[in-house]
Amino acid sequence: MKGLLTVKIKQVPGKSRILKVPKGTTIDEILGKLGTHRDRVIVLREGRPVPESTKLEKSESLDVITIISGG
Amino acid sequence: MRCSFCKKDAVFEARYAGRFFCRNHFLSMYWKRVKRHIAKTELVTSGDKVGIAVSGGKDSVVLLHIFHELFAKRPDIRLVAITIDEGIHGYRPYGVKVARANCEKLGIPQTIVSFQETFDNTLDKIVKKGEWALTKLTSKPNSHKNLQERTPCSYCGVLRRYLMNKVAKELGCTKLATGHNLDDEAQVILMNLFRGDNQKLARLGAKVGIKSFEGFVQRIKPLRVVPEKENALFAMLSGIEVDYHVCPYAHLAYREEVRALLDSIEQNHPGTKFTLLGSMDKIISSLKKNASAEGPGVCKSCGELTSGDLCQTCAYLEMINHG
């Protein structure tokens, strides 16, 4: 799949996943593919929080931390 | 993405405000909002002894740190922490440990009480006892209301609030602060609207309740104007240790359905949660006027205040122990 970025995702709690997405995909769109929502998680890139409207320009790794816990 | 104020790398986008924030500007915005809310609503006043409900989760631990920063040096205000151990295997022990570590770090005295020692039951045991009821009720038509009343969160909420109030009274607290955030508040507004429960709607606000009664410690919600995510981000950026374990019963709660609905609307219409809270705050005073504010009676079983013969805690315990 030429032209696609490889995004390694570590969900906490949860499993690690690898997604192939087109260049320019936003983190928000990736969260949609994971079935979650920006208000339920904090996304870290290289250990730093990033806004969800950030567009991915290269293959990289993201940590997706779920922040809701109670009922 | 760059900070809207200084062009450093942004760590957060507030879509409801159309702005990006770097670490420092986020923390500054966060503090400003919380301080303004606490001052405007006069949540803490001279002479108060504030019990802070600390579960170990992000909201309550952040609240503990904020109150420590704002009030620990004030000689006229005292802070204590109250932690309830509901007895949820694989979840609560982590929270209790984190709550204890934060209290020790800040030098805030902490009281830990458990469902087991108070009710001779853990939430896990209660859920196990209630499984028959869930199975039975789901097969009946129109059983939604009964089923709702028997979800783990319903039991847990009632017993926890009872225990919080009891401990806060025993400690001589004049206020009981909880870490409810904007998402919690928006969800509970919708839940009460959907249920047509005007009495519960009228109790909402920064200061909980329609009027104060002796026997009920005034509950306050200093973080109700802060989105849940911003509490988590504040903790992360401030290096505060919090517990992110997920309650195993959370997915059973009605709240979870409402949360999904609100998140979906917020996605397409940023600011909806703020607007909902703001609208409710505008009409809450008239709701309070119209709501029944009769003084409570006394529970014939435990002696705590109640609107009926039996308080909800004793009614639940009766149901739990005798089916």
Side-chain angles (χ1 to χ4, degrees), chain A residues 1 3-71, chain B residues 1-3 9-15 19-21 23 26 55-60 88 91 94-95 151-154 156-157 179 181-184 227-233 235-237 242-256 259-260 262-264 266-267 270 273:
Chain A
M1 299 218 273
L4 292 182
L5 305 178
T6 301
V7 186
K8 290 181 185 171
I9 296 160
K10 185 180 165 194
Q11 285 183 270
V12 183
K15 293 175 183 171
S16 295
R17 291 177 63 171
I18 294 177
L19 291 180
K20 299 278 187 186
V21 297
K23 189 175 174 182
T25 298
T26 64
I27 290 176
D28 239 342
E29 288 166 339
I30 287 178
L31 294 178
K33 288 180 192 296
L34 297 174
T36 190
H37 183 273
R38 60 159 61 204
D39 286 356
R40 294 171 173 239
V41 297
I42 291 177
V43 180
L44 305 179
R45 183 164 66 179
E46 295 171 6
R48 284 172 52 93
V50 279
E52 287 77 10
S53 54
T54 302
K55 289 180 178 173
L56 300 182
E57 300 298 335
K58 58 183 175 66
S59 294
E60 56 188 314
S61 300
L62 301 172
D63 291 342
V64 178
I65 318 290
T66 298
I67 54 147
I68 57 164
S69 55
Chain B
M1 297 295 175
R2 300 283 172 188
C3 175
D9 282 346
V11 297
F12 175 66
E13 177 187 11
R15 289 176 76 221
R19 292 203 167 118
F20 290 90
F21 292 84
R23 176 187 179 277
F26 170 80
S55 66
K58 63 189 182 307
D59 302 302
S60 64
I88 304 173
Y91 170 65
Y94 299 105
T151 59
C153 298
S154 309
C156 188
N181 57 52
L182 174 69
D183 293 68
D184 295 327
E228 182 165 23
K229 178 171 181 157
E230 294 180 36
N231 281 339
L233 198 55
M236 190 177 279
L237 296 175
V242 300
D243 175 40
Y244 283 117
H245 281 85
V246 179
C247 177
Y249 304 121
H251 68 285
L252 296 170
Y254 177 43
R255 180 183 286 274
E256 191 51 33
R259 183 199 297 273
L262 262 173
D263 284 350
S264 160
E266 181 77 26
Q267 179 77 14
K273 293 171 188 174

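The shown structure was predicted, so the numbers you read here are calculated from the model rather than taken from an experiment. Each chain gets a letter, A, B and so on, in the order its sequence line appears, and its residues count up from 1.
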Handout entry: Exercise: do Thr6(A) and Lys20(A) side chains pair donor with acceptor under 3.5 Å
Key =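 A donor-acceptor contact under 3.5 Å links the two side chains.
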Practice task
Answer with yes or no whether the side chains of Ser55(B) and Ser60(B) bring together a donor and an acceptor at under 3.5 Å.
Solution key: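 On atom types as modelled, these side chains qualify, holding a pair under 3.5 Å.
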Taking side chain as everything from C-beta outward and backbone as N, CA, C, O, which of these in [X] sits under 4.5 Å from a heavy atom of chain A? Side chain, backbone, both or neither.
X         : result
Ala260(B) : both
Arg23(B)  : neither
Asp9(B)   : both

Problem - Options Glu266(B), Met1(B), Glu230(B), ranked by heavy-atom pairs under 4.5 Å with chain A, top entry - result: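 Top count of heavy-atom pairs under 4.5 Å with chain A: Met1(B).
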Problem - Check: Tyr244(B) and Ile67(A) side chains under 4.5 Å, non-hydrogen atoms - result: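 Side chain of Ile67(A) against side chain of Tyr244(B), heavy atoms only: contact under 4.5 Å found.
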Exercise for the section: Spell out the residues in residues 40-48 of chain A that have some non-hydrogen atom less than 4.5 Å away from a non-hydrogen atom of chain B, in order of number; otherwise answer 'none'. Expected result: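 The list, in residue order, reads Arg40(A), Val41(A), Ile42(A), Leu44(A), Arg48(A).
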Practice task
List for me each residue that meets salt bridge (charged side-chain N to carboxylate O under 4.0 Å, His left out) alongside Glu13(B), sequence neighbours excluded, and say none if there are none.
Solution key: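 So Glu13(B) forms a salt bridge (charged side-chain N to carboxylate O under 4.0 Å, His left out) with Arg38(A).
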Exercise for the section: Return the set of residues passing side-chain hydrogen bond (donor to acceptor under 3.5 Å, both in side chains) with Lys273(B) (not counting sequence neighbours), or none when no residue passes. Expected result: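 Here the qualifying residues are Asp39(A), Asp183(B), Asp263(B).
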Problem - Test ring-ring contact (aromatic ring centres under 6.0 Å, His included) applied to Phe20(B) - qualifying residues, sequence neighbours left out - result: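 ring-ring contact (aromatic ring centres under 6.0 Å, His included) check on Phe20(B) returns nothing, list empty.
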Exercise for the section: Specify whether Phe26(B) and Phe21(B) have parallel, tilted or perpendicular ring planes, treating 30° as the upper limit for parallel and 60° as the lower limit for perpendicular. Expected result: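 Because their plane-to-plane angle is over 60°, the rings of Phe26(B) and Phe21(B) count as perpendicular.
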